[in-house]
There are 2 protein chains.
Amino acid sequence: MKPVKAASTARKPAIKTSKTALPAKAGKQAPGPEPKPYHHGNLRESLLEAADTVLAREGALGITLREVAKEAGVSHAAPYHHFASLDDMLAAVAERGFLRLREAMAERAQAVDTGERLLQIAEIYVSSARANPAQFRLMFGPLLARKTEFPPLKVAAESAFGLVHAAARAHDAKNGSELALVCWSFAHGLSNLLIDGAFDGLPMELPAANVLTRQLAQRVLMGVVVA
Amino acid sequence: MKPVKAASTARKPAIKTSKTALPAKAGKQAPGPEPKPYHHGNLRESLLEAADTVLAREGALGITLREVAKEAGVSHAAPYHHFASLDDMLAAVAERGFLRLREAMAERAQAVDTGERLLQIAEIYVSSARANPAQFRLMFGPLLARKTEFPPLKVAAESAFGLVHAAARAHDAKNGSELALVCWSFAHGLSNLLIDGAFDGLPMELPAANVLTRQLAQRVLMGVVVA
DNA sequence: CGCCAAATCTTTCTCTTGTAAAGATTATCA
DNA sequence: TGATAATCTTTACAAGAGAAAGATTTGGCG
């Protein structure tokens, strides 16, 4: 699959924020079907968007450097000028996922009641995972375990958790950290099990996923009934 | 990576439980360094063990058909007589993982107190994941979402959950199912986050993983403090 | 303005990997 | 014993990651 050796000593991609804007679409006289400039002008961003597209279309398995490059309309070697490797690109995709997750949580968890806010966070977490399982798997895949290799990913991931932590502290100042870990673990596990279809075909009747989430999250917060 | 097309129409592997036992190690006069019989005799099992070895040695990323075949000492095409594809083999590996997990949980969760039993299950779950992260990732990877394609995997996975379900029902007959889902989700999420290193470098002091597990699991069972 | 260096993109190559096809070897059973 | 099927090997192929080198721009800098 991937040659074992890591980023070699070849010329480094020199990842520089391209200053040039997208070239004006129309040429001088538009002689044919868009001559397409040699320099893309904004390839890095385009690649990330293309990666999102491919990820949603093909699933986590079908995401390929070549496929992404094709989706972005460049040669399969072009990405190497913006990313050190496929993993590096995927890490950037995951990073965006964490940023979006954080944004979504911040945006929707607005309730005044601190407990309700935690419930909303759990709901968003789970529904985000369900909305794009492939991206969720990528975000929490083996890349995350190597986040020290990808500092921006590390920052984004920890920033998302920071939001959970803050909400937990607001709910319980003394045990905020523990509460945050419990909530996060629960929401994360439920998300994973749901998108893995681990519950499918289970010998018990389950409500719809979003209902189930709130129901279980409440139980975690309020404490399970100790019969 | 893998040519898109699925299992083709080629002759089917005719997976039959080989009746012949392992050939006696010593030949007639042992002329050289083990002539090695043409027929392995027990290749399917050997491949699964080799896969476990490779999985533990190389991680989830480095497990390849060819590497496993080499580890088992056969040609890289031999596995196709016992597994329809790489995924099929990995599904079998995952299946064994679920069987072992179930066994481990059944073996250690012996406490008379039903709550304590749930705590022990959580501990086993998490410690199993931490003991062999690659296998855990494989078990709950994208293959699980396709478990209908691999019936034995489906059976093994559901059997493992069945044990959790039983323990939860013992603790709370009325809400056993909900409790089982909560416990499972929590343990699963915590396992994932731990092996992903999601907690590494977090701005809070955490106890050792096994201590943390019990501590948080207690909180889930007893209910978090609603300040 | 003109030119050189660096950045960006392409084509071409190599190596690894999953899988197919066909041939060799051995076991099974009538 | 001899045909048939199962098991294993060798060979072949296509797809993917990444390296190497060449083509095309862009951007300074005189």
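In what follows, every heavy atom counts, from backbone to side chain, and hydrogens, waters and symmetry copies are set aside. To find a chain, count down the sequence lines: A is the first, B the second, and so on, and within it residues start at 1.
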Tell me whether the OP1 or OP2 atom of C:dC9 has a side-chain N or O from A:H82 closer than 4.0 Å.
yes
Taking the minimum atom-to-atom distance to the side chain of A:A78, which one of D:dA17, C:dC9, C:dT19 wins?
C:dC9
Atom NZ of A:K70 to atom P of D:dA17: distance rounded to whole Å?
12 Å
Closest to the B:L65 side chain: D:dG16, C:dG18, D:dG18?
C:dG18
Please confirm whether any donor atom in the side chain of A:R66 sits under 3.5 Å from an acceptor in the base of D:dA17, or the reverse.
yes
For A:R44 and C:dA7, what is the distance between atoms CZ and C1' respectively, to the nearest whole Å?
16 Å
Measure from the side-chain heavy atoms of B:A77 and tell me the nearest of C:dT10, D:dC8, D:dT10.
D:dT10
Kindly indicate, with the supporting measurements, whether the criterion side-chain contact (heavy atoms from CB on, under 4.5 Å) is fulfilled by B:L144 and B:K154.
CA-CA 8 Å; B:L144 187 57; B:K154 181 175 159 71; over 6 Å; no
Nearest whole Å is fine: how far is C:dT8 P from A:F83 CZ?
12 Å
I need the minimum non-hydrogen distance between A:H165 and A:S177, along with the two atoms involved.
NE2-OG, 3.0 Å
With the side chain of B:H81 defined as its heavy atoms from C-beta on, choose the nearest nucleotide among D:dT9, C:dT10, C:dG18.
D:dT9
What is the separation between atom CD1 on B:I63 and atom C1' on C:dT16, rounded to the nearest whole Å?
16 Å
For the residue pair A:F140 and A:F136, categorise the inter-ring angle as parallel (less than 30°), tilted (30 to 60°) or perpendicular (more than 60°).
tilted
Whole-Å distance, A:D88 CG to D:dA17 C1', equals 14 Å
Protein-nucleotide distance (A:E67, atom CD; D:dA15, atom P), rounded to Å:
12 Å
Is a donor-acceptor pair below 3.5 Å formed from side chain B:H76 to base C:dT16, judging by atom type as modelled?
no
Would B:F150 and B:F83 satisfy ring-ring contact (aromatic ring centres under 6.0 Å, His included), going step by step from the backbone distance to the final call?
CA-CA 11 Å; B:F150 313 103; B:F83 302 99; over 10 Å; no
Validation: residues 124-133 of chain B side-chain donor-acceptor distances under 3.5 Å, sequence neighbours left out:
from: B:Y125; atom 1: OH; to: B:W184; atom 2: NE1; distance (Å): 3.0
from: B:Y125; atom 1: OH; to: B:H188; atom 2: ND1; distance (Å): 2.9
from: B:S127; atom 1: OG; to: B:E123; atom 2: O; distance (Å): 3.2
from: B:S127; atom 1: OG; to: B:I124; atom 2: O; distance (Å): 3.3
from: B:S128; atom 1: OG; to: B:I124; atom 2: O; distance (Å): 2.9
from: B:N132; atom 1: OD1; to: B:Q135; atom 2: N; distance (Å): 3.3

Taking OH from B:Y80 and P from C:dA22, how many angstroms apart are they, rounded to a whole number?
17 Å
Roughly how many Å is it from CG in A:N42 to C1' in D:dT26, rounded to a whole number?
16 Å
